Each structure stands twice: as structure tokens, then as C-alpha cells.
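Reviewing the structure listed below.
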Amino acid sequence: MKVKEYLEAVLRDQTLPPDGAELKTLREERKKVEAMLRREFKDSPPTIRYGGSMAKNTMIKAAYDLDLPCYFGHDDDGAGKTLKEIYDNVKAALDKEYYTDPKTSAIRLRASSDRADFHVDVVPGRFVDGKDGDVFIHQASAEKGRLKTNLDTHIEHIRDSGVVDAIRLIKFWRERNRLAVKTFVLELLVVDLLKNKKTSTLENQLKHVWTEFRDNADNLTVEDPANPTGNDLSGYLDSVRLALAAAARVTLAHVEADNWEAVFGKVEQENEEKQVASLGRIAATVTTREKPWCSGQ
Amino acid sequence: MGGSPPPSPPVRSRGAVGNRPWQRDNLETFRMLRERLRENYPELHLVERGELVVAAGAFPLLDGKKVVDRYMIEIVLPKTYPKGIPVLREVGGRIPRIHDRHMEPDGRACLFVPDEYHYRHPDGMDLVEFLRGPVLGFFVGQSLVEHGQPWPYGARAHYAPGIIEFYREIIGSDDPEVVCRHLEVLAARELRGHWECPCGSGRRIRHCHRAALEDLRARIPQAIASGSLDRINREVARP
């Protein structure tokens, strides 16, 4: 199998089917969480949206979860006066139905019975001024206990970067190498490293990222595109720079030996006949069948 | 093809419902479309780019729950959505931009002859229907061709001959003169019963194929018919 085909097969393997159990569960939990938060804060209804990898098109099967930003109006104290109060009150509301794990800015949901992970993070916050989508989210370690950012800016920056497939594979590589890099930081880093490589092949994009990790780990920086002067995210890399460099070194050795399966694992290689049979079955499901043409204009 | 129709003549073409972007007048429809897209195609997202609405992301080919193949795409919805023709582009660079693969050099996909699309879908198509129908059919065809198989539902000849092929199926003739006479009727501002019927019977329209021609005019916009007429006149030599 050629490298291009192999990488496409890995991407296919990492794609969650729309009506598969994982996405169905995420959608159901989202509906429950939304209904519950609107009930609990009926006088101050929050804006609840999809965020994270689902909104950015970077979801992978190996590590999927759903981010649910839950933002209150900029002049609405119904959920709390301070961001910490908002965070605590949202957590208290969720505690009625879930077992919750507090994170830096998010609240992870687990089943109250057996603490099974729902893969859902609720991120409480408040709009800054209701105009541009800027929000404050609670972060105890941050200056003033808060972080200012913009969900739409983040989503568009990643989703429209033109390198989403590279991001997904680097996320998968992170999982396989157990690297403790936060997802949103890794995504921003990959977009920045590939800003001049958008027309390169996927193979070359990956090699470029790994080469930068191996040779330049100490100098890697990450900016928040929603708040570039306010949020320097480079600190999130400090504890993993060595690990990134080491993992990239090993990976590049495998790649140079043309051993891609050592990087991403084996993929099921269906024989030609089965592939064609699958495509034939799909063709039979098409609801309106058109004959392609060519305008030449 | 799934591309933009030729420029409209000064008179508003039949089938157009105005120049105001549809999502400005139909916020609830836009919101529901976004939800439906998310449920059916979670890797595709609806965004506004200026006045246009674009669906962008990864489009999977699913055999049951298994992802057999996927393509990176963008679909620009027409301002008159659901009427009008969405413009599909393959943005992953995977499909060669050659006419034999029904692709334009800028990545636009040629899904069908525009006249045929309007004829079969005079009320347009909802985006999810469009994805399940023409888009899925196009990409499963591309994947089959990559495996050395033929297009699953056949393909039209390139350029003006493809237009003539379509009209042959409707009017029963592939004589370019006959097709052009029909297109002149479709491209006219009004249908006049006293004109000679384009079928060549020698009778006036009102005593011949009036109902059929009115039906065609209701389905195929003036601008589309006019564009096709121009192409055939330019490209097809006639004695």
C-alpha cells in the first residue's frame, strides 16, 4: 500500500460514523445537559453550543470527547456574579445528575452510578460584552482567575486551516505515544507549523511537524488566535518538550525506514473485490442518481 | 455540472425568487439545517461567508456504519436556496482536475447538466437530500473509477453534446436543430401559442406540444436554457 493510501486508510479508521454508538451517545448527552442547564437556570438561559473537536472537524476515534461551552449573558448575574461562582453553580447543577470531575476550566461528566466516562466536558463562561463572541472562562491559575477567549475564532482557525487531516493524525500519534499535550494546544501548534505547507502532501506535512518537534522543541511557541497578546499558551508545552522531541525522533526513524505501520498501526487492507462490492452497495443507496457531465467552463 | 448557471439575462429568469440571501429571511430554516447537517454529517459544517452559506468539511462514503472512503469538500449554497444549483468543490486535491473525471481545473465538480438538474428538481433540493443524492453518487463514482470500474449510473458526454443527450431523452430527438428550436422556446420571455412548434410538425404550438413546452418552461429557467442554446450554437456544427 502506498503511503498516501495508507494515511487515508488511517483517517478512515479514525472517523466516527454519524449513526455510530459513540456519536449517538454524545448527541443524547448533549440534549440532556442542555435541557437540564436550561431548567436549572431558567431565568438566565445560557447559550450552549458544540465546541472542541466536533466543531473543529478534528475528532478521532482513538480519543473523542465533546466540549459543550455554556455561556451566560455578559450582564446576567443569574448564574453567579463571578466566573468562579458561575463555574461552581453549573457544577452544582450537573452534580444532581452526574458525577463531575472538575478540570482547569471545564467540568467532566461521568455516570453517577459507576463513574463511566461520557466523554463530555461542560465549559461554563460569560460573554464579555455580547457583541463579538468574546468570553471569559474561569481559570483559577490565571491572572484575575479568568481567561478571555473566543470560541468562534478558535473553531474557524482550526476548521478552516486547510490542514485538518494532519491535525487528526498528529492527535492520533499523540495518543499512541501517550504524550501529555493538551488537545487545543496541539491543534494550534500544528496549524502554526504548517502555515506554509498547506499545499504539501499529507506525508510531507507530517514529516515537517515531526522534524520541528525533534529539532526545535525548545523554541516551539503557541498563541491563542482569539487573544494573541493576552494568552501566551507556550507554557502548556514546557512539561512535554522533551517527550515531544524524543517521540518525534523515534517516529522519523520509522518513517525514514518506510515503516509507517510502526507509527499509526496496521490498517485493515480490504481486497479490491470487497472494496468494489462496498462501493457498489453504497451506489445502490443513492437517492437521486445523476449522470456527471463536464462544462469545460 | 454542479456549477453556476450562465449569467442571467436582464429579465428575471423563471425559478429565481429574488436576490436577498435566503438565510436572512429564514433564520429558523437555517438553524434547523445546521442541526440536520450535524446529525447526518458531523464532519460537515455550515458557515456564512459574506452573503453565502457554505457547507465544508469531510464527506464520508458509508457502507452501513463503516467508512469506506472520504473526500474533503465545500458546497456553496445558492442565494435562492433551496432553488438554484449548489456548487460542489473537492478541496482535498485527490481527484485529478480533468474533464474525464468530470472536474474543472478550479476543483468544481460537474455533477450534472444544469438543465437536467432543474428539470428533475424544479423546486430545488434540500442540502441533506443533495448530499445523499448527487454528491454521494458523484463521489462513489469517483471511488469506483479509481478502482477501474465504470461510473455507476453512466455519464453524459462532455460539453454541448451532453446537453443534447439530455434533451434527446425529453423531446425524443438529438438533432441539434430540433434541440435548439426547443431551447429558443424555453429561453423566450413568453410562450406564444401561434409560434411554430419546435418539434417540426408544422403545426402551431397551441395545436401541438403546448402543454409539454409549458411544463418544460416551468422547470428549466430561462437563463439556463439561453446558456445551453449559446453553447450548442457555438460548439455544434450544423449543415
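All chains are named by letter (A, B, ...) in the order of the sequence lines, taking the proteins before the strands, and each is independently numbered beginning at 1. Below, all heavy atoms of this structure are taken into account, side chains as well, without hydrogens, waters or symmetry copies. Just so it is clear, the model here is predicted, and its values are computed rather than measured.
The residues A:Glu29 and A:Lys32 are annotated as salt-bridged, a charged nitrogen and a carboxylate oxygen being separated by less than 4.0 angstrom. A salt bridge links B:Arg70 to A:Asp165: one of the charged nitrogens lies within less than 4.0 Å of a carboxylate oxygen. Salt-bridge check for A:Asp152 with A:Arg159: failed, with every basic side-chain N at 4.0 Å or more from each acidic carboxylate O. The pair A:Glu8-A:Lys4 counts as a salt bridge, with a side-chain nitrogen and a carboxylate oxygen less than 4.0 angstrom apart. Using a cut-off of 4.0 Å between Lys/Arg side-chain N and Asp/Glu carboxylate O, A:Glu5 and A:Lys2 are scored as not salt-bridged. A salt bridge links A:Arg108 with A:Asp65: at least one charged nitrogen is closer than 4.0 Å to a carboxylate oxygen. A salt bridge between B:Lys79 and B:Glu51 is present, with a side-chain N of the basic residue lying under 4.0 Å from a carboxylate O of the acidic one. A salt bridge is absent between B:Arg31 and B:Glu35: the closest approach of a Lys/Arg side-chain nitrogen to an acidic carboxylate oxygen does not fall below 4.0 angstrom. Taking 4.0 Å as the cut-off between side-chain N and carboxylate O, B:Asp215 and B:Arg219 count as a salt-bridged pair.
In this structure, the portion of B:Leu44 lying under 4.5 Å from any heavy atom of chain A is its backbone and not its side chain. Residue A:Glu290 touches chain B through both its backbone and its side chain, counting heavy-atom pairs closer than 4.5 Å. Contact of B:Glu165 with chain A is not made at all, since no heavy-atom distance falls under 4.5 Å. For B:Phe138, the part lying near chain A is the side chain, with the backbone staying farther off; criterion is any non-hydrogen pair under 4.5 Å. Proximity to chain A (any heavy atom under 4.5 Å) is shown, for B:Val91, by neither the backbone nor the side chain. Proximity to chain B (any heavy atom under 4.5 Å) is shown, for A:Leu279, by both the backbone and the side chain. Contacts of A:Arg289 with chain B are made by both backbone and side-chain atoms, with heavy-atom separations under 4.5 Å. Looking at A:Arg27, only its side chain comes within 4.5 Å of chain B, counting heavy atoms on both sides.
Per-residue counts of heavy-atom pairs under 4.5 Å with chain B were compared for A:Leu23, A:Leu202, A:Thr201, A:Leu11; the largest is that of A:Leu11. Put simply, of B:Leu61, B:Asp69, B:Asp100, B:Val47, the one with the most heavy-atom pairs under 4.5 Å next to chain A is B:Asp69. Put simply, of B:Glu116, B:Arg101, B:Arg120, the one with the most heavy-atom pairs under 4.5 Å next to chain A is B:Arg120. The candidate with the highest count of non-hydrogen atom pairs below 4.5 Å against chain B, out of A:Ile155, A:Val276, A:Thr285, A:Asp13, is A:Val276. Among the candidates B:Gly57, B:Ala56, B:Gly133, B:Pro105, the residue making the largest number of heavy-atom pairs closer than 4.5 Å to chain A is B:Gly133.
Looking at A:Thr149 and A:Asp224, their side chains do bring a donor and an acceptor atom within 3.5 Å of each other. Remark: the A:Arg168 side chain and the A:Asn57 side chain contain no N/O donor-acceptor pair separated by less than 3.5 Å.
Cation-pi contact between A:Arg176 and A:Phe264: absent, since separation from the ring centre below 6.0 Å together with deviation from the ring axis within 45° is not met. A cation-pi contact links A:Arg30 to A:Tyr50, judged by a cut-off of 6.0 Å to the six-membered ring centre and 45° from its axis.
In this structure, CG on B:Leu131 lies 8.5 Å from CG on B:Asn40, to the nearest 0.5 angstrom. Taken to the nearest 0.5 Å, the NE2 atom of B:His102 stands 15.0 Å off from the CZ atom of B:Arg97.
Annotation: salt bridge (Lys or Arg N to Asp or Glu O under 4.0 Å) contacts of B:Arg231 (sequence neighbours excluded): B:Glu235.
The shortest side-chain heavy-atom distance between B:Tyr71 and B:Ser143 falls under the 4.5 Å cut-off. Between B:Val68 and B:Val140, every side-chain heavy-atom pair lies at or beyond the 4.5 Å cut-off.
At a heavy-atom separation below 4.5 angstrom, chain A is approached by B:Glu169 within residues 166-173 of chain B. Of residues 146-155 of chain B, those residues lying under 4.5 Å from chain A by any heavy-atom pair are B:His147, B:Gln149, B:Trp151, B:Pro152, B:Tyr153, B:Gly154, B:Ala155. Taking 4.5 Å as the heavy-atom cut-off, none of the residues of residues 182-200 of chain A approach chain B.
Centroid-to-centroid, the aromatic rings of A:Phe127 and A:Phe72 stay 6.0 Å apart or farther.
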